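Taking it in order: structure first as structure tokens, then the write-up.
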Amino acid sequence: MTTTTSPGVTRRGRAAAAPPAIDPRPRWQPALVILLVWFVVWLFTRGHDTLVLLGRDKTSVMNALNDFRDHMLAGRDTNPLMRITGALADAFRSMVTWLQRLISIPAEPRPVPRIGWLGVTAVATWLGYALANWRIALLTLGTFVSFGLFGYWSDSMDLLIIVGVSVLICVVIGLPLGILAGTKKRANGVIEPVLDLLQTMPTFVYLLPIVLFFGIGAASAVVATMLYAVPPLIRIAAHGIRSVPATMIEVADSLGQTRWQRLRTVQLPIAKRTIIVGLNQTTMAALSMATIASFVDGPGLGKPVLAGLRINDVGTALIPGLLIVAIAIMLDRGTTAASERADVIARGGGLKPPVHRALLVGGGLAAVAALWLSTQKFWAAEFTDRGIGRRIANVADHAVDSVTSSISPFTGSIKDGITYGLLNPLQSFIAESPWWLAFLAIAALAFVLGGWKSFVPALACLAGIRFFGEWHNAMITLAMTLVATLLCMAIAVVVGVAMARSPRTDLAVRPFLDAGQTIPAFVYLVPVLALFGPSRFTGIIAALAYAAPVAIKLVADGVKGVSATTMEAARSTGASRLQQIRKVQLPMARASLVLATNQGLLFVLAMAVIAGMVGAGALGYDVVLGTTRSEEWGKGAAAGITIVLLGILLDRIARRAAEPAPKETQWLSLPRGRR
Amino acid sequence: MTTPADSSALQVRGLWKIFGPKAERLIGTPDAALSRAELQRKSGHVIGVRDVSFDVAPGEVFVVMGLSGSGKSTLVRLLTRLIEPTAGTVVLDGQELTAMDDAALRQVRRDKISMVFQHFGLLPHRKVIDNVAFGLEIRGDNKTNRRARAQNMINLVGLSGYEQNFPDQLSGGMQQRVGLARALAGDPAVLMFDEPFSALDPLIRRDMQKEVIRLHDEVGKTMVFITHDLDEALKLGDRILIMRDGEIVQIGQPDEIIGAPADDYVRDFVADVNKAHVLTLRWVMRPPSSDLEGVGAPTLNQSTIVRTAARTVLAHQGVVRVVDDAGSFVGVVDDEDILRVVVAEQDHE
């Protein structure tokens, strides 16, 4: 509703809220003043009160957190919460162990699992054919054989087991919740904020509390994976149900349907396709988190990757990393193809030629035979390790060495340029400031950029960061996050605009982005580590690789969303290509740019923890330490909480600052007004 | 003109719909008498339907006509309580819908009313036959019965051979035939149409209108038909209710609407209508100067449509006598009267 047309409305609007009316001063002017003051004070006070926490130093808050942990653990048998989580942990653990004995580890007294590699591979391949098509079957066959060939059979099975169990729990919990959120407004009001919280929390942060309640090992891996993977399913299922056209609901009502009939015959069938998309997302998320869960001793392929990263041995980490990517591709393509085929069958196209049916039956029989064989013969049960994996690792090591040494002048100059030109100055500015100075300056910036609505949460977050004692590390992480986000947005705008303007570029780039999004988070570290060695910069690049695909897609889609008519009009005025981009496309894609920045920030921050182990240090390092050393749990928890607070702080400032200040900004009126 | 209340298929009394947080409290206060715009400015409430009462006789085609925003779509939803009325009563076949609990209302919807929607509302994941049988499935008919019944309905609307297709394989007109068949399948007492043909091309629309007329002749259902198209209203309606801003402007038979518009709004509305196709002799005749005027001339009933009467009148030199249903002599028409309607119908402009 426009405020200018009706006199009654404008009068009330003016009386109620004066400030948002028209403020001719751009908001960056006071922000610049604050930065200037910050700089001047910093010149005289740098290095004082920076709250550096050396080595194993702990504040009293961290010790209190440790005490709290000890208290909880001591009350394991009496505390009702601990008893419930304990029982759940036992249930998950025994479920995982049972499956492991079935296909992955020796089922005592047998020296091998109950079903050997041949049986598992045959059944998986047959399923690929039955549920999807022969291409997926081949992909599955290749992936499973390579598990054994490279000597990671049992780790691969473990990873699949964790993913499978978690996804199963996700479906059992997530589908009803998704339906509830999709049909009941009030339920959605409760569920939505919880999902927001779960999804903004950096991946790593929930590992610490989960370890406390579920102990180290498979149970924690399952719970962490489930918590990370369930939000997309709930959200997308709810969205699918909500987007069932109103007419169809009306039809159902007018025919006298009960709620249950409506759900069963109208809402679920129509939302089915969307729900399957959600399931695909959930599976991919589960794979990503199940890999990371090796930090809490979760079984799976993450373990060898982690071991390789810990000793900076790229060769060791490379093969399991690649296998994880192979699993990702297999699961992604497999679920997509299966859902497409299910659609075809539902529409009556499922009647396949006799050849196919013969293959299906024959393949099934062969799979059963292989299954039986694998329980009887040792060669079919245990994949003989021919040392291929080790040989490839060695080759890879050499290759990596020669590649790195040959391009090291290049990578080195990028690294040095960004480290000395951007990262170091920023870090010394932010982290070498006395804490009170940075505190006041950031709060003031929040106020001038976002008003009260960002000032209050910013103040709370800053106070929280100060309270938990990780101030100095938080400032270092902040500096890295800002640099990474800046680079991320620069790349996103360049690539995104290029993609939006040329369908061919889009076609060429998009598969890489899709792949980037399907690859589990910390597999990125392997090649980046190979190229740049352990350093803060490596952490930044890893974060960039993780965050950029999302940001690029958002920018590309946003720019593409600018209507063809508007672009035509812009061209008709004789705007040059750069003018079109600068004056029409980017301003009109503003909402997407803001969203991309926000997502970029959160993704970068999520990666900060993982980057902590390749030399990025700061908060990430403390969190990693907390998951591995019991006496550092409190410090790790404090660092984890600090990351969350940092995330909220940045999110609030960025979101508010990006809101158009006066109602009629030049952004919005430009395309129509300037002709 | 209105049929006695006890024998009507649908009886609506004092029906109101006000959208807004405290809608119930507004009824009966002076605010309720404010115009739509004033009320919205004053309290933020929007009047959807204001104090509407009418009766629909069994077997009648009752058309509700109005422009967009006139409240006609809200009205039809109030009749089945797809939208809850703020006040007023709706009685269908002697049962008061507005007093029912959810279960009873559901039963009525299953057995007595069906609706045809503007955007068809077909379920994309079901074949044509299962779409038609959908309502029967809802009310729990067994599969053999509902399939047989659905097949009959598909034949009735002329879609034989398309049973196994999916809705998106059909054209818009065919999709709406499926919608029609679905509505007819439950053998309802009353059929409600919410602008069923406005999403269709003009030619298809004409076909579908004929189809409705044919079906009405065949099955004789009571119909409430919502439209924004005056020609459609005149073609289909036994009676027409014209709405504006949620209120009734006029209720009457097509020739009454054209011949005696209630106000300037309706007069403006019907200005472009081809009056010769709608008006009857009653509206063009003049009282006879004496009982003997035109003795020996042809005699026509007063409910003859002008267009039909034109040939007789023009062929005859002088006046033609007009009689009512009882046969008594009520007026005369001559060439001038007919031509005024046929040729110079836009004279007031």
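Lettering follows sequence order; numbering is per chain, from 1. Because only heavy atoms are used, hydrogens play no part in the values below, and waters and symmetry mates are left out as well, while side chains stay in. None of the values given here were measured: they were computed from a predicted structure.
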**OP:** Return the option, out of A:Thr258, A:Thr247, A:Val244, with the maximum number of heavy-atom pairs under 4.5 Å with chain B.
**Re:** A:Thr258
**OP:** Tell me, for A:Glu250 versus chain B, whether the close heavy atoms (under 4.5 Å) come from the side chain, the backbone, both or neither.
**Re:** both
**OP:** Just do the side chain to side chain contact (heavy atoms under 4.5 Å, CB included) check on A:Ile241 and A:Leu268 with the steps written out, would you?
**Re:** CA-CA 7 Å; A:Ile241 297 227; A:Leu268 278 183; 4.0 Å; yes
Original post:
Got a salt bridge between A:Arg235 and A:Glu192, using NZ or NE/NH1/NH2 to carboxylate O under 4.0 Å?
Top reply: yes
Original post:
For the candidates A:Val251, A:Thr265, A:Ile270, A:Val266, which exhibits the highest count of non-hydrogen atom pairs separated by less than 4.5 Å from chain B?
Top reply: A:Val251
Subject >> Backbone of B:Glu137 reached by a side-chain donor or acceptor of B:Arg146 within 3.5 Å >> reply: no
Subject >> B:Asn131, part contacting chain A, at a heavy-atom distance under 4.5 Å >> reply: neither
**OP:** Without swapping roles, check the side chain of A:Gln281 against the backbone of A:Pro232 for a donor-acceptor pair under 3.5 Å.
**Re:** no
Original post:
Can B:Glu38 and B:Arg41 be counted as an ion pair, charged N to O under 4.0 angstrom?
Top reply: no
Original post:
So, B:Phe62 versus B:Phe54, ring centres under 6.0 angstrom or not?
Top reply: yes
Original post:
Short question: side chain of B:Thr222, backbone of B:Glu60 - any donor-acceptor pair under 3.5 Å?
Top reply: no
**OP:** Name, in order of residue number, those residues of residues 91-113 of chain B that have a heavy atom at a distance of less than 4.5 Å from a heavy atom in chain A; otherwise write 'none'.
**Re:** B:Arg106, B:Arg109, B:Arg110, B:Ile113
Subject >> Backbone N/O of B:Gly186 and side chain of B:Arg139: donor-acceptor pair under 3.5 Å >> reply: yes
Original post:
So which of B:Arg182, B:Gln118, B:Met192 has the largest heavy-atom pair count under 4.5 angstrom toward chain A?
Top reply: B:Arg182
Original post:
With a 4.5 angstrom heavy-atom cut-off, which part of B:Arg77 approaches chain A: side chain, backbone, both or neither?
Top reply: side chain
Original post:
Taking only residues two or more places apart in sequence or in another chain, which ones pass side-chain hydrogen bond (donor to acceptor under 3.5 Å, both in side chains) with B:Thr74?
Top reply: none
